[in-house]
There are 2 protein chains.
Amino acid sequence: MPEVVAQQVKSDVGLASALRSSTLRLSRQIRRQRVDSHDLTANQLGVLGALGKHDAMTIGELATHEQVKPPSMTRIVSNMEEAGLVARRPHETDKRQIVVELTDAAHHLLRANRRRRDEWLQTKLKKLTPEERDILRKAAPVLERLAAP
Amino acid sequence: MPEVVAQQVKSDVGLASALRSSTLRLSRQIRRQRVDSHDLTANQLGVLGALGKHDAMTIGELATHEQVKPPSMTRIVSNMEEAGLVARRPHETDKRQIVVELTDAAHHLLRANRRRRDEWLQTKLKKLTPEERDILRKAAPVLERLAAP
DNA sequence: TATTGTTATACTCTATAACTATA
DNA sequence: TATAGTTATAGAGTATAACAATA
């Protein structure tokens, strides 16, 4: 059980507020770090990220995930297909549905983005003291739990 | 100097990656918690946030801040003015410029949003153990430094 | 003459409604 | 008959170009 050695900064109310502002600020900066070989819209980036996690999704699933109506998702996917980022294929059993998958190019792009962001974060981390990095190392899994649904 | 008592989870590379994913995930959830009495577009929300920090900005400043062209910002501000969220007034010395400020209603809305998000975070924090909260208490100022430009 | 904001116009993106194919 | 996706059409938002007022 860790002793509270460093400064006891905040009450429980203050802690929420401090975490809110720093998390939002940091995320904005992380989001800014990306490789835009194609210049993607916000929704296209969202589709890319969703498919990166779930591997294959139908048009309908993508539409609800991105909070967009089906006709709009049809268009978004068509544009991304022309850009060589996704591919359509028929659903295994239900011939009404269309399954959308990432192309190799899209996978490369996603990996490049993650790498870019990690590199940026690593240079920021290098500017901290070893003690501060230790604190973050312990905090990382807690933040992970906090971010879990 | 704090002893490393808890699990030593990650290498420096892994730390960046873990922080990236948890920060992004957490920020998405925080952003989702908001009071939408008026239903605002992303850009309107951006203007609201910018004016919340800087108090008064010209059309041009808002345009560059929101990465939008001046004619678009003219339109956005006009819509928000009709919605009673902002007010225009002439610049003190330079009569070409227009200064935009938040109305009282907008200030209330911003405060309500912050409160809503903090409440949501507090209920999430309550589900952690006291030890985990201590870790976050120590991590908060470090995250603050990390998020600083 | 340069700069700030606005107006006019064209383009892109999204939503609603109607349509096709499949369950 | 209901559901998944697409097509057609209309509305909202943005950008480029042209303009008015001020520096």
Side-chain angles (χ1 to χ4, degrees), chain A residues 31-32 34 36-51 54-103 106, chain B residues 31-32 34 36-51 54-103 106:
Chain A
R31 232 179 287 271
R32 226 174 283 150
R34 59 172 181 225
D36 262 354
S37 42
H38 326 62
D39 42 291
L40 304 158
T41 68
N43 274 330
Q44 288 178 333
L45 265 166
V47 169
L48 222 58
L51 289 175
H54 301 88
D55 259 34
M57 295 171 79
T58 67
I59 301 275
E61 287 169 344
L62 283 171
T64 52
H65 188 275
E66 291 305 304
Q67 303 190 353
V68 148
K69 299 299 169 190
S72 305
M73 189 48 69
T74 291
R75 201 183 150 83
I76 293 170
V77 167
S78 298
N79 289 340
M80 293 179 75
E81 200 174 19
E82 280 180 41
L85 291 171
V86 301
R88 278 181 232 243
R89 64 170 174 76
H91 188 100
E92 299 276 310
T93 57
D94 187 340
K95 287 179 184 171
R96 294 171 306 178
Q97 300 188 53
I98 300 280
V99 178
V100 184
E101 289 173 321
L102 292 183
T103 62
Chain B
R31 231 178 288 272
R32 225 173 283 150
R34 61 171 180 227
D36 260 356
S37 43
H38 325 63
D39 41 292
L40 303 159
T41 69
N43 272 331
Q44 287 178 336
L45 265 165
V47 169
L48 223 57
L51 289 175
H54 299 90
D55 258 36
M57 295 171 78
T58 66
I59 301 275
E61 286 169 345
L62 282 170
T64 52
H65 187 275
E66 291 304 304
Q67 303 191 354
V68 146
K69 300 298 171 189
S72 306
M73 188 48 68
T74 291
R75 203 183 148 82
I76 294 169
V77 167
S78 297
N79 289 341
M80 293 178 74
E81 199 173 20
E82 279 180 41
L85 292 171
V86 301
R88 279 181 230 243
R89 64 170 175 76
H91 188 102
E92 299 276 311
T93 57
D94 187 341
K95 285 180 186 172
R96 294 172 306 179
Q97 300 189 54
I98 300 281
V99 177
V100 184
E101 288 172 321
L102 294 183
T103 61

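All chains are named by letter (A, B, ...) in the order of the sequence lines, taking the proteins before the strands, and each is independently numbered beginning at 1.
Proximity of a side-chain donor or acceptor of A:S78 to a complementary backbone N or O of A:T74 within less than 3.5 Å is detected. No donor-acceptor pair under 3.5 Å is formed between the side chain of B:H65 and the backbone N or O of B:E61. Looking only at distances, a side-chain donor or acceptor of A:T103 sits under 3.5 Å from a matching main-chain atom of A:L85.
With a 4.5 Å cut-off on side-chain heavy atoms, B:T93 and B:H91 count as touching.
For A:N43, a side-chain nitrogen or oxygen approaches OP1 or OP2 of C:dT14 to under 4.0 Å. Note on B:S72: a side-chain N or O is less than 4.0 Å away from OP1 or OP2 of D:dA15.
The CG atom of A:L102 lies 8.0 Å from the CG atom of A:D55; values are rounded to the nearest 0.5 Å.
Rounded to an integer number of Å, the gap from CD of A:E92 to P of C:dT22 is 17 Å. A straight line from CE of B:M57 to P of C:dT4 spans 14 Å, rounded to a whole angstrom. Going from atom CD1 of B:I76 over to atom C1' of C:dG5 covers 14 Å, rounded to whole Å. Taking atom CG of A:N79 as the reference point, atom P of C:dC11 lies 17 Å away to the nearest angstrom. Look at CD on B:E66: it is 16 Å from C1' on D:dA15, rounded to the nearest Å.
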Return a single string for nucleotides 2-11 of chain D, one symbol per nucleotide in 5' to 3' order, where B is base contact, S is sugar-phosphate-only contact and - is none, cutoff 4.0 angstrom on heavy atoms. -BSSBB----
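Of the candidate nucleotides D:dG13, C:dA23, D:dT22, D:dT22 has the atom nearest to the side chain of B:K95.
For the residue pair B:Q97 / B:D94, a side-chain donor-acceptor distance below 3.5 Å is found, with atom types taken as modelled.
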